[in-house]
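Model, not experiment: these values are computed from the prediction. Sequential numbering from 1 along the given sequence is applied to the chain's residues.
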Amino acid sequence: MTATMQPKSEAAEAPRRGKRTPGADPKARPRGRGLQFGHWWWALPGIALVIAIHYVATGIGGFFAFTNWTGIGSFKMVGWQNFEAIFKDPTKLGALLNTLFLAFGSVFLGSVAGLIIALGLNRVLKTRYILRTLFFMPVVLSPLATAYIWKYIFDFDGPINVFLTSIGAGDLAKPWLADPQWAIWTVLVVLVWSSTGFAMVIFLAGLAGVPVEVEEAAAIDGANLWQRFRNVTLPAIRPAIAIATTLGIVQGLRVFDPIMALTGGGPAGATETLATQVYKQAFALGNFGGGAALALVLAVIILFFAVLQQRLTRSNPED
């Protein structure tokens with residue numbers, strides 16, 4: 001009985017072990033291998049689209065950065081003249097400084113505010129879901145629409161100056177967006193307001209992975225609130241901090257819509273950034289070669305700070 005059942009069990013397990021059964025076609029392939037081999041073909045349209053839009057377009061723009069093309073007609077190669085003009089022009093250097101100030105200022109203040117809000121909403125609150133929605137709402141609203149609302153708020157006859165006048169502080173009222181000293185700060189306020197909700201969501205996702213048992217053990221050992229945050233919570237959310245700051249820096253370096261809606265780069269170039277200068281050089285002044293050179297400089301700056309920030313915030317030094 002045992003001798004007759006043994007060949008049957010081995011024959012049944014032969015396909016599972018990859019053994020060839022008598023009479024099987026040696027050229028036949030398993031059905032799963034053919035499907036797995038063809039899976040990556042479905043990604044070809046998306047890959048081609050990304051290459052065409054991002055890499056090919058960037059390469060063409062980088063080529064025109066070394067020309068004097070006006071956007072229409074012929075052109076000739078001018079070498080590094082467009083880049084030399086950028087670093088000799090005080091307006092463009094000021095735009096570079098404004099870009100760095102707005103990018104790092106909005107990332108720092110937005111990340112700190114987002115982390116504080118995330119820590120507060122991570123507790124058991126009955127209204128935490130409503131509050132999360134309210135804080136995240138500026139992220140999903142149109143940047144142009146919200147910028148025009150903020151433009152009304154900062155207007156000379158807007159709510160801020162009306163409030164200051166009503167409390168007897170009318171001397172502090174000023175045309176915020178028309179003052180070269182304060183215009184850049186008003187733009188920074190709008191950027192921080194619009195980026196805080198995005199950082200909050202990322203930090204909430206990071207806080208969800210912090211073990212509650214470790215925090216409770218630290219509290220039992222006598223650690224206060226700040227010690228628990230510094231030694232337990234902060235190391236656990238380092239990947240979330242890396243993601244939030246990287247995306248924030250990239251978004252801050254290429255900010256365009258709020259500035260064009262609030263100030264248009266004024267007054268007297270006080271709020272000009274590299275992105276607004278790219279638009280004005282290429283489309284308003286017809287200097288497409290100079291605009292392409294500015295765009296290439298901006299792309300290099302974004303790449304540099306994104307890579308640097310990732311290296312500074314990586315969780316494992318050996319990565």
Side-chain angles (χ1 to χ4, degrees), residues 43-104 106-107 142-144 147-148 177 180 183-184 187 191 246-310:
L44 281 181
I47 295 174
L49 191 62
V50 169
I51 292 175
I53 293 178
H54 291 280
Y55 298 102
V56 176
T58 302
I60 295 174
F63 169 76
F64 283 115
F66 298 91
T67 68
N68 63 347
W69 191 40
T70 61
I72 302 175
S74 60
F75 59 87
K76 66 177 182 179
M77 303 296 295
V78 295
W80 297 93
Q81 291 183 9
N82 291 327
F83 298 94
E84 293 175 358
I86 292 174
F87 295 101
K88 291 180 180 179
D89 190 350
T91 302
K92 296 181 178 62
L93 292 177
L96 174 60
L97 295 177
N98 290 338
T99 301
L100 297 177
F101 171 76
L102 291 176
F104 288 97
S106 61
V107 167
S142 170
L144 282 176
Y148 281 116
L177 295 174
I184 191 71
V187 174
L191 294 180
T246 300
L247 297 179
I249 288 174
V250 172
Q251 183 65 27
L253 288 173
R254 60 187 182 91
V255 61
F256 176 78
D257 295 349
I259 295 177
M260 292 301 294
L262 287 169
T263 62
T271 58
E272 286 282 4
T273 62
L274 291 180
T276 60
Q277 276 291 302
V278 168
Y279 168 78
K280 291 179 179 180
Q281 290 292 325
F283 300 103
L285 301 177
N287 184 13
F288 195 89
L294 271 172
L296 187 59
V297 171
L298 179 59
V300 172
I301 292 174
I302 292 175
L303 180 63
F304 171 76
F305 282 109
V307 173
L308 178 63
Q309 193 278 335
Q310 282 291 311

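Under the rule for a side chain to side chain contact (heavy atoms under 4.5 Å, CB included), the partners of Y279 that lie at least two apart in sequence or sit in another chain are F256, M260, F283. Residues satisfying the side chain to side chain donor-acceptor pair (under 3.5 Å) criterion with T263, sequence neighbours excluded, are T271. Checked against side chain to side chain contact (heavy atoms under 4.5 Å, CB included), L144 has the following partners two or more places apart in sequence or in another chain: S142, D257, A261. Evaluation of the side chain to side chain contact (heavy atoms under 4.5 Å, CB included) rule for I51 yields I47, Y55, V56 as partners, not counting sequence neighbours.
The stretch residues 269-297 participates, sequence neighbours left out, in these salt bridge (charged side-chain N to carboxylate O under 4.0 Å, His left out) pairs: E272-K280. Among pairs with a residue in residues 73-98, those fulfilling side chain to side chain donor-acceptor pair (under 3.5 Å) read D89-K92, at least two apart in sequence or across chains.
Across V278 and A295, no two heavy atoms sit closer than the pair CG2-N, 3.6 Å. In plain terms, the two heavy atoms of F87 and F83 that are nearest each other are CD1-O, 3.1 Å. Taking all atoms of both residues into account, the shortest heavy-atom contact from A147 to L262 is O-CD2, 3.2 Å. Taking every heavy atom of both residues into account, G252 and V255 meet most closely at O-CG1, 3.3 Å. Across all their heavy atoms, F64 and A292 have their closest contact at C-CB, 4.1 Å. Residue V297 comes nearest to I86 through the heavy atom pair CG2-CD1, 4.2 Å, listed as atom of the first residue, atom of the second, then distance.
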Legend entry - Worked check of ring-ring contact (aromatic ring centres under 6.0 Å, His included) between F288 and F75: CA-CA 10 Å; F288 195 89; F75 59 87; 10.0 Å; no
